[in-house]
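Note sheet for the following structure.
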Amino acid sequence: MKKSAQKLVAGLPFRLLLLPLLLVGATRALPQQPAPKTVPPTAQPQVVAPIVVPARVTETPIDSKVPNDPAVDKMLAAYSPKVNELEVVLGRLRGELKKGGTGSGSMGNFVTDGMRAQASLKIGKPVAVALMNSGGIRRNNIGEGELKARDVFELLPFENALVTLDLTGEQLMKLLQMIVARREAQSGARIVYKINADKTSELESAKLREASGEKDIDPAATYTVVTIDYIYRVGGSAYGVLREGKNLKELGITLRDAIMNYVKSETAAGRDIMSNLDGRFVFDRANSAPNAEVPPQ
């Protein structure tokens with residue numbers, strides 16, 4: 001090294017001479033950094049070309065020109081007589097039968113009148129009262145005109161059968177109170193009732209309606225009533241008084257058949273079925289709560 005250079009180096013501060021050495025050592029002392037992660041390119045959705053399927057559409061009008069299926073015709077043949085029986089005219093109805101209000105209106109009167117008449121024929125003696133639950137009457141109205149078997153089937157679709165039993169006059173009064181409270185249908189009694197402040201209906205008086213006129217109910221006498229087996233066996237505690245009765249008899253006829261026979265017998269006697277609201281339920285407005293609403297008829 002030349003003397004001038006040596007003099008220059010010799011003149012530099014000692015700290016400056018150490019700086020390069022420190023930089024090289026620091027670089028070697030740093031830990032090894034991990035290699036940057038490689039981010040794969042975002043996959044592009046593969047576009048699938050639509051498949052074209054050749055198709056042909058035809059329309060076939062469903063009308064009388066389409067031939068019947070022989071297999072279906074054979075299956076229906078067994079049911080045709082029963083279906084045709086539904087169109088049989090049993091009699092004629094004058095006025096419209098309607099279900100509504102206490103006793104199920106004129107519809108309830110029609111059903112219970114038929115029950116009482118047919119039960120009397122079956123047992124050979126008068127039946128004092130007929131009872132039918134409103135829930136079992138399944139049509140709200142039947143229009144004036146021909147009364148067909150179909151109408152009765154739709155009105156009374158269940159296989160309930162008629163039963164009779166004997167009650168004392170005291171038990172009969174309990175039954176009539178239950179009829180008023182539950183707004184059930186009945187035939188044979190003229191009932192006067194009121195509506196209390198809690199909107200419950202309460203029996204005030206009842207008399208039996210006979211051909212000779214109205215008669216008081218003797219608490220100690222025995223009276224025959226007719227109802228359906230469902231009410232007697234499944235009716236619950238509300239109808240418990242029925243199960244206190246005696247001489248239970250199953251009449252061997254469904255309610256529906258009894259009503260159909262009733263219409264036929266009225267027709268044979270030259271009488272039409274009447275839409276009848278005959279005052280068998282009398283609402284005592286004067287003794288009812290001031291806010292009591294007049295029950296629909």
Side-chain angles (χ1 to χ4, degrees), residues 85-123 126-158 160 162 164 176 179-180 183-193 206-215 224-228 251 253-283 294-297:
E85 289 176 3
L86 295 176
E87 301 305 318
V88 172
V89 177
L90 306 175
R92 184 166 183 82
L93 173 62
R94 292 183 61 184
E96 181 184 19
L97 293 176
K98 294 182 180 180
K99 176 185 175 181
T102 300
S104 293
S106 58
M107 191 76 79
N109 293 355
F110 163 62
V111 173
T112 51
D113 285 350
M115 291 171 64
R116 193 159 66 101
Q118 289 298 299
S120 296
L121 289 175
K122 280 282 186 179
I123 65 176
V127 171
V129 171
L131 159 66
M132 178 61 189
N133 62 313
S134 297
I137 300 173
R138 308 301 287 186
R139 278 191 64 168
N140 291 325
N141 67 292
I142 299 177
E144 183 177 26
E146 293 180 339
L147 192 57
K148 298 182 178 181
R150 178 186 299 278
D151 297 315
V152 181
F153 266 85
E154 293 174 353
L155 173 65
L156 304 167
F158 306 117
N160 302 133
L162 295 187
T164 60
L176 295 177
I179 288 173
V180 170
R183 306 175 71 184
E184 307 289 36
Q186 65 88 20
S187 173
R190 183 177 184 270
I191 294 173
V192 179
Y193 70 100
K207 292 185 177 183
L208 294 181
R209 306 172 74 189
E210 300 179 355
S212 58
E214 296 184 356
K215 292 186 177 181
T224 301
V225 302
V226 61
T227 186
I228 56 175
L251 301 190
I253 186 172
T254 65
L255 170 61
R256 180 173 55 245
D257 287 344
I259 299 306
M260 292 176 69
N261 290 344
Y262 169 65
V263 176
K264 291 177 182 178
S265 65
E266 291 295 290
T267 301
R271 295 187 292 266
D272 293 338
I273 300 298
M274 308 295 291
S275 176
N276 182 23
L277 287 173
D278 54 7
R280 65 187 67 184
F281 289 97
V282 179
F283 173 53
V294 179
Q297 297 293 326

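Side chains included, hydrogens not; waters and symmetry mates left out as well; all remaining heavy atoms used. Residues: numbered from 1 along the sequence shown.
More than 12 heavy-atom neighbours from other residues, nucleotides or ligands sit within 6.0 angstrom of NZ on Lys99. The local environment of CZ in Arg190 is sparse, with at most 12 non-hydrogen atoms from other residues, nucleotides or ligands closer than 6.0 Å.
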#### Entry: Residue pair Asp278, Arg209: steps toward the side chain to side chain contact (heavy atoms under 4.5 Å, CB included) verdict
CA-CA 11 Å; Asp278 54 7; Arg209 306 172 74 189; 3.3 Å; yes

### Task
Under the side chain to side chain contact (heavy atoms under 4.5 Å, CB included) rule, what do Ile142 and Glu154 come out as? Steps first, then yes or no, please.
CA-CA 10 Å; Ile142 299 177; Glu154 293 174 353; over 6 Å; no

### Query
Step by step, would you call Val88 with Met260 a side chain to side chain contact (heavy atoms under 4.5 Å, CB included)?
CA-CA 11 Å; Val88 172; Met260 292 176 69; over 6 Å; no

### Task
Begin with the C-alpha distance, continue with both residues' side-chain angles, and end with the deciding distance and a verdict on side chain to side chain contact (heavy atoms under 4.5 Å, CB included) for Thr102 and Phe283.
CA-CA 10 Å; Thr102 300; Phe283 173 53; over 6 Å; no

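Between Asp257 and Gln118, every side-chain heavy-atom pair lies at or beyond the 4.5 Å cut-off. Residues Glu87 and Lys148 meet the side-chain proximity criterion, which asks for heavy atoms closer than 4.5 Å. Proximity of Thr112 to Leu131: side-chain heavy atoms (C-beta onward) are nowhere separated by under 4.5 Å. Asn261 places a side-chain heavy atom less than 4.5 Å from the side chain of Ile253. When side chains are defined from C-beta on, Ile228 counts as touching Leu162, because their heavy atoms get closer than 4.5 Å. Thr267 places none of its side-chain heavy atoms less than 4.5 Å from the side chain of Arg92. Residues Val111 and Leu255 are in side-chain contact: their nearest non-hydrogen atoms beyond the backbone lie under 4.5 Å apart. Between Gln186 and Ile191 the shortest side-chain heavy-atom distance falls below 4.5 Å.
For Glu144, the salt bridge (charged side-chain N to carboxylate O under 4.0 Å, His left out) criterion is met by no residue, not counting sequence neighbours. With sequence neighbours excluded, no residue forms a salt bridge (charged side-chain N to carboxylate O under 4.0 Å, His left out) with Arg138.
Going from atom CG of Leu97 over to atom CG of Leu147 covers 7.5 Å, rounded to the nearest 0.5 Å. Distance CD1/Ile273 to CD1/Ile259: 9.0 Å, rounded to 0.5 Å. We find the OH-CD1 distance between Tyr193 and Ile179 to be 13.0 Å, quoted to the nearest 0.5 Å. Residue Asp151 holds its CG atom at 9.5 Å from CD of Glu146, rounded to the nearest 0.5 Å.
When atom types are taken as modelled, the side chain of Arg150 and the backbone of Leu86 share no donor-acceptor pair closer than 3.5 angstrom. When atom types are taken as modelled, the side chain of Asp272 and the backbone of Arg94 share no donor-acceptor pair closer than 3.5 angstrom.
Side-chain contact check for Ser104 and Ser134: at least one donor-acceptor pair (N or O, by modelled atom type) lies under 3.5 Å.
Nearest heavy atom pair, residue Glu184 against residue Asn133, reads OE1-CA, 3.5 Å. What you find for Leu156 and Arg256 is that their closest heavy atoms are O-NH1, 3.0 Å. The two residues Ser120 and Arg116 make their nearest non-hydrogen contact at OG-O, 2.9 Å. Smallest separation of non-hydrogen atoms from Met274 and Leu93: C-CD1, 4.5 Å. Taking all atoms of both residues into account, the shortest heavy-atom contact from Gly95 to Ser275 is C-CB, 3.9 Å. In terms of heavy-atom proximity, Leu277 sits nearest to Gly105 at CD2-C, 3.9 Å.
Only one option out of Val225, Thr227, Thr224 pairs with Val129 in a side-chain contact (heavy atoms from CB on, under 4.5 Å); it is Val225.
Ring planes of Phe110 and Tyr262: tilted class, angle from 30 to 60°.
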